[in-house]
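Keep in mind that the numbers below use all heavy atoms, side chains included, and drop hydrogens, waters and symmetry copies.
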Amino acid sequence: MLSNAISFLRDYLFTMPVLARFSVLMVLLVTIPRLSRRVNVPVPVGLLLSGVIVGPYVLDIFGTVRPVADFLAELGKLLLMFFAGLEIDLALFRRARHRSIALGIATTAMPLLLGTIVGLAFGYAAIPAIVIGSLLASHTLLGLSIVSRLGLGGLEPVTVAVGATVMSDTLSLVVFAICVSIYTTGFSPSGLAILLAEIAGYIALVLFGLSRLGAYVLKRVEDEEDAYFVLMLSIMAIAGVLADAIQLPGIVGAFLAGLAINASAQHAPASVKLQFMGKSLFIPIFFVVTGFLINPITFVYGIFDNFLLVVSIIGALLVGKWIAAWGVGRAFGYSRSEQLTIWSLTLPQVAATLAATLVAHDTLGAAGQRLLDDRMLNVVLVLVFATSILGPVLTERFASRLTTGTPRPEFDRRSVPS
């Protein structure tokens, strides 16, 4: 009886007019974030779950062929990485650049190493295993709003953790891009040397060439918000096209494009409006459409069938990030509470991790095999869900100790040698 009711509902929803389906999507984008915040679930996780419900494996409102929704989701994925580069506080990075670089390298290398070991231990080949490690190397600063609310945003450990994001996101995406290129085109020493030279040249071209050209062009149209708006999208698209030309994922180009125009466009009115549109429409659509990929029955069975892999991946992240925070914290004389705060800030795996995972899942090798299989996609989704909750909870707990103890004084720009 229940199955017949569900089948009838699916048939009815699938035959709804296009505008009615669009209305359903808009209602989701309005209600799910509010509901998620009310029940203390991260908004991306709530949007993912809503995508599962309305996706092809449950209610099937949008079907399996949905070019418009897929295009909007692709644009949302690129904007997600573009904003990740655009919103990085380069001033904070420069204020603690040496310590930020040290933490950035450590918090990239340790999870990368442990994640690769886990991948190899569970039967993945070398390149997919390194990709698994690279997914753990980056992080999303979900806890930053918590330390800001507590009035701790200017403390040195927080500044160092924020600055380390520049290094970890960049390094992890570069490693990821190299692996994708090798997986699709094959490995050879000369080919790898050429690829590394192309990547180095591409990064320099985007961060220095496109940065100066973008700043010049944007300056010329700073009083024309419509032109400024379009030019920012064009810069992101150009960086993505150049990335494709040397077999790099478009998300790498989008991230570097955001870094390239960070100083000139971060607080421009048109930039604020683009971020508003992206974060209220395109990026939420990306999370919802990502939920379409999840078969809830397969997902649940996959967790139990691969429970040891799930625990190992999450464990590799927790241990790797902790070793980095503890080691760098000890070297710089940070207290235990400061070390734990840094650790908690670098735990959440949401934006870059999810975007890179989907690219790897869609990447096919010469034999037609996916770079990351369905099993690892499910594991990463569990990782995103777990760390997006665990990270902010731990940040709230550890950062609050800094307000009750004797916190390190706010980081003074004059105390850092130029």
Worksheet item: Are side-chain N/O atoms of Tyr183 and Arg370 paired as donor and acceptor at under 3.5 Å?
Response: no

Worksheet item: Going through the distances and angles, do Tyr202 and Leu256 end up as a side-chain contact (heavy atoms from CB on, under 4.5 Å)?
Response: CA-CA 10 Å; Tyr202 171 75; Leu256 292 177; 3.6 Å; yes

Worksheet, complete the sentence: Applying side chain to side chain donor-acceptor pair (under 3.5 Å) to Thr395 and not counting sequence neighbours gives Ser344

Worksheet item: Distance-only, no hydrogens or angles: does the Arg397 side chain make a donor-acceptor pair with backbone N or O of Val393 under 3.5 Å?
Response: no

Worksheet item: How long is the span from the OG atom in Ser264 to the CG atom in Leu218, to the nearest 0.5 Å?
Response: 5.5 Å

Worksheet, complete the sentence: Distance col, row Leu112:CG vs Leu136:CG, nearest 0.5 angstrom, shows 8.5 Å

Worksheet item: Run the side-chain contact (heavy atoms from CB on, under 4.5 Å) check on Trp326 and Ile342 step by step: do they pass?
Response: CA-CA 9 Å; Trp326 173 80; Ile342 292 174; over 6 Å; no

Item to complete: Locate the shortest heavy-atom distance separating Pro128 from Ala125; write the atom from each residue and the value.
Response: CD-O, 3.3 Å

Discussion item. Do Phe176 and Val359 make a side-chain contact, defined as non-hydrogen atoms from C-beta onward lying under 4.5 Å apart?
Written reply: yes

Worksheet item: Do Leu390 and Leu318 pass the side-chain contact (heavy atoms from CB on, under 4.5 Å) test, and can you show the C-alpha distance, the side-chain angles, and the key distance before you say yes or no?
Response: CA-CA 10 Å; Leu390 181 63; Leu318 297 177; 3.9 Å; yes

Worksheet item: Okay, side chain of Gln349, backbone of Ser138: is any donor-acceptor separation there less than 3.5 Å?
Response: yes

Practice prompt. Provide the closest heavy-atom pair for Pro296 versus Tyr57 in the form atom of the first, atom of the second, distance.
Written response: CD-CB, 3.8 Å

Worksheet item: Looking at Arg212, Arg220, Lys219, which one forms a side-chain hydrogen bond (donor to acceptor under 3.5 Å, both in side chains) with Tyr216?
Response: Arg220

Discussion item. With a 4.5 Å cut-off on side-chain heavy atoms, are Thr357 and Val384 touching?
Written reply: no

Discussion item. Give me the atom names and distance for the closest heavy-atom approach of Leu364 to Thr184.
Written reply: O-CG2, 3.7 Å

Worksheet item: Are the side chain of Gln339 and the backbone of Tyr334 linked by a donor-acceptor contact shorter than 3.5 Å?
Response: yes

Fill in: Flag if over 12 foreign heavy atoms under 6.0 Å of NZ, Lys273
no

Item to complete: Determine the minimum heavy-atom distance between Leu345 and Ala161, stating which atoms define it.
Response: CD1-CB, 3.9 Å

Worksheet item: Quick one: are Met232 and Leu86 in side-chain contact, heavy atoms under 4.5 Å?
Response: yes

Discussion item. Can a donor-acceptor pair be found, under 3.5 Å and without considering hydrogens, that links the side chain of Ser50 to the backbone of Leu28?
Written reply: no

Discussion item. Is the ring pair Trp343/Trp322 parallel, tilted or perpendicular, if the boundaries are 30 and 60 degrees?
Written reply: perpendicular

Worksheet item: How about Leu274 and Leu233: do any of their side-chain heavy atoms sit closer than 4.5 Å?
Response: yes

Worksheet item: Would you say Ser172's side chain and Ala137's backbone share a donor-acceptor pair under 3.5 angstrom?
Response: no

Discussion item. If I compare all heavy atoms of Gly253 with all of Ala239, which pair ends up nearest, and what's the gap?
Written reply: O-CB, 3.3 Å

Worksheet item: Less than 4.5 Å apart, any side-chain heavy atom of Val180 and any of Leu371?
Response: yes

Worksheet entry | Distance, nearest 0.5 Å, that separates CG of Asp374 from NE2 of His361 | 4.0 Å

Worksheet item: Between CD1 of Ile261 and CG of Leu210, what distance do you get to the nearest 0.5 Å?
Response: 8.0 Å

Discussion item. Once rounded to the nearest 0.5 Å, what's the spacing between atom CD1 of Ile132 and atom CG of Leu383?
Written reply: 11.0 Å

Item to complete: Please check if atom CE in Met277 has more than 12 non-hydrogen atoms from other residues, nucleotides or ligands closer than 6.0 Å.
Response: no

Worksheet entry | Under 3.5 Å: donor-acceptor pair, side chain of Thr107, backbone of Leu103 | no

Worksheet item: Any side-chain heavy atom of Ile285 within less than 4.5 Å of one from Leu29?
Response: yes

Worksheet item: If you round to the nearest 0.5 Å, how far is CD of Glu74 from CG of Asp362?
Response: 8.5 Å

Worksheet item: Can you check whether Gly55's main-chain N or O pairs, donor with acceptor, with Asp60's side chain at less than 3.5 Å?
Response: no

Discussion item. side-chain contact (heavy atoms from CB on, under 4.5 Å) for Leu309 and Val118? Distances and angles first, verdict last.
Written reply: CA-CA 8 Å; Leu309 176 58; Val118 169; 4.2 Å; yes

Practice prompt. For the pair Thr387 (side chain) and Pro348 (backbone), establish whether a donor and an acceptor sit closer than 3.5 Å, ignoring hydrogens and angles.
Written response: no

Worksheet item: At their closest point, which heavy atom of Ala260 faces which heavy atom of Ser211, and how far apart are they?
Response: O-OG, 2.8 Å

Discussion item. Quick check: do Met110 and Val319 have side-chain heavy atoms less than 4.5 Å from each other?
Written reply: no

Discussion item. When you measure from the side chain of Asp373 to the backbone of Met376, do you find a donor-acceptor pair of N or O atoms at a distance under 3.5 Å?
Written reply: yes

Worksheet item: Just wondering, more than 12 heavy atoms not from Gln369 lying within 6.0 Å of its CD?
Response: no

Practice prompt. Examine distances only and state if a side-chain atom of Ser134 and a backbone atom of Val131 form a donor-acceptor pair shorter than 3.5 Å.
Written response: yes

Worksheet item: Do the non-hydrogen side-chain atoms of Phe286 and Leu358 ever get within less than 4.5 Å of each other?
Response: yes

